[in-house]
Amino acid sequence: MQLTAKELKAYYKEIVSMVEEQKDYLCELDRKIGDGDHGVTMSIGWQAVNEKLDNELVDEEDCAKVSITVGKTFLSAVGSSVGPLYATGFMRGAKAVKGKTVLEDKDLAEFWIAFARGIKERGQAEVGDKTMVDTLDPFANELETKFTESGEFLSAFTDAVAAAKVGMESTKELVSKRGRSSRLGDRSVGAQDPGATSAYMTLATFLNFVQAKTEQAI
């Protein structure tokens with residue numbers, strides 16, 4: 001598989017659309033354990049990114065530079081804790097593909113593993129804390145394992161997104177140990193974590209994007 005900078009930007013555009021569609025749902029999830037604004041926060045960040053995609057990044061062909069700008073723009077637009085997390089993820093991903101205008105299978109695997117592990121490192125959360133790490137850590141581990149075995153990105157990423165979904169859904173039964181929701185204690189059980197959900201949606205959107213690209217090529 002190959003992904004150009006133009007296609008990477010098209011994927012980021014897909015996230016913009018997805019976040020607008022899911023904004024109310026993400027806020028609904030957040031109302032159960034947080035401030036109720038996660039969907040709005042994500043929308044603010046991705047609308048700022050969208051403006052960059054339509055202007056500053058239109059002619060950019062370096063995949064790393066695209067992702068660095070996406071990360072920095074999201075950080076500048078979003079003041080909450082999610083800003084630094086996604087910024088770190090996209091900038092770590094960019095570092096893994098520095099100077100590349102076309103991403104091959106190995107590049108894509110390294111990008112997403114660096115993305116997920118960068119967020120975990122920045123957030124200093126562990127699996128079981130009821131955060132986006134419950135989605136991202138199993139995803140990164142599965143992607144690394146399956147890609148090492150097969151060398152084929154799409155099949156490995158498909159399995160990794162399935163692991164991410166299981167991780168996301170597991171947050172329903174967890175007691176929140178991080179952030180504002182941790183003050184709820186046992187009352188946080190039964191609610192799916194909004195950050196874990198939006199992280200899963202970000203990964204699932206990429207899977208849908210590359211599956212559609214592959215089908216078009218057949």
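On a predicted model such as this, the values are computed, not experimentally measured, just so you know.
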Worksheet item: Do Gln47 and Glu20 pass the side chain to side chain contact (heavy atoms under 4.5 Å, CB included) test, and can you show the C-alpha distance, the side-chain angles, and the key distance before you say yes or no?
Response: CA-CA 9 Å; Gln47 286 301 320; Glu20 289 309 303; 3.2 Å; yes
Practice prompt. Check step by step if side chain to side chain contact (heavy atoms under 4.5 Å, CB included) holds for Lys23 and Met42.
Written response: CA-CA 8 Å; Lys23 179 168 64 176; Met42 292 294 288; over 6 Å; no
Worksheet item: Does the side chain to side chain contact (heavy atoms under 4.5 Å, CB included) test come out yes or no for Glu60 and Thr69, once each step is laid out?
Response: CA-CA 10 Å; Glu60 182 57 66; Thr69 302; over 6 Å; no
Worksheet item: Does the pair Thr197 and Tyr25 meet the rule for a side chain to side chain contact (heavy atoms under 4.5 Å, CB included), with working shown?
Response: CA-CA 10 Å; Thr197 305; Tyr25 172 61; 3.9 Å; yes
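A donor-acceptor pair under 3.5 Å is formed between the side chain of Asp107 and the backbone N or O of Glu104. The backbone N or O of Leu57 lies less than 3.5 Å from no partner atom in the side chain of Lys52, so there is not a single donor-acceptor pair. Judged purely by atom type and a 3.5 angstrom limit, Asp105 has no side-chain atom pairing as donor or acceptor with the backbone of Glu152.
For the pair His38/Leu29, no side-chain contact is recorded, criterion being any heavy-atom separation below 4.5 Å from C-beta on. Side-chain contact between Glu149 and Thr145 is present, with at least one heavy-atom pair separated by less than 4.5 Å. Phe147 is not listed as a side-chain neighbour of Glu110, based on a closest heavy-atom distance of 4.5 Å or more.
Salt-bridge annotation for Asp137 and Lys120: present, with a side-chain N of the basic residue lying under 4.0 Å from a carboxylate O of the acidic one.
Ring geometry for Tyr11 versus Phe206: interplanar angle over 60°, hence perpendicular rather than tilted (30 to 60°).
Scanning both residues, Ala77 and Ala48, for their nearest heavy atoms gives CB-CB, 3.6 Å. Between Gly99 and Ala64, the closest heavy-atom pair is N-CB, 4.1 Å.
When only modelled atom types and interatomic distance are considered, Thr205 and Glu14 share no side-chain donor-acceptor pair under 3.5 Å.
Considering CG of Asn50 and OG of Ser43, their distance stands at 10.0 Å, rounded to 0.5 Å. The line from CG of Leu154 to CG of Leu207 is 6.5 Å long, rounded to the nearest 0.5 Å. Distance CG/Leu203 to CG/Asn208: 11.0 Å, rounded to 0.5 Å.
Only one option out of Phe90, Phe157, Phe139 pairs with Phe115 in a ring-ring contact (aromatic ring centres under 6.0 Å, His included); it is Phe90. Screening Thr73, Thr41, Val16 for a side chain to side chain contact (heavy atoms under 4.5 Å, CB included) involving Trp46 leaves a single residue, Val16.
Counting heavy atoms of neighbouring residues, nucleotides and ligands inside a 6.0 Å radius, atom CG of Asn55 exceeds 12 of them. Within a 6.0 Å sphere centred on CD of Glu61, heavy atoms belonging to other residues, nucleotides or ligands number 12 at most. Within 6.0 Å of CD in Gln211 there are more than 12 heavy atoms belonging to other residues, nucleotides or ligands. Atom NZ of Lys13 sits in a crowded spot, with more than 12 heavy atoms from other residues, nucleotides or ligands closer than 6.0 Å.
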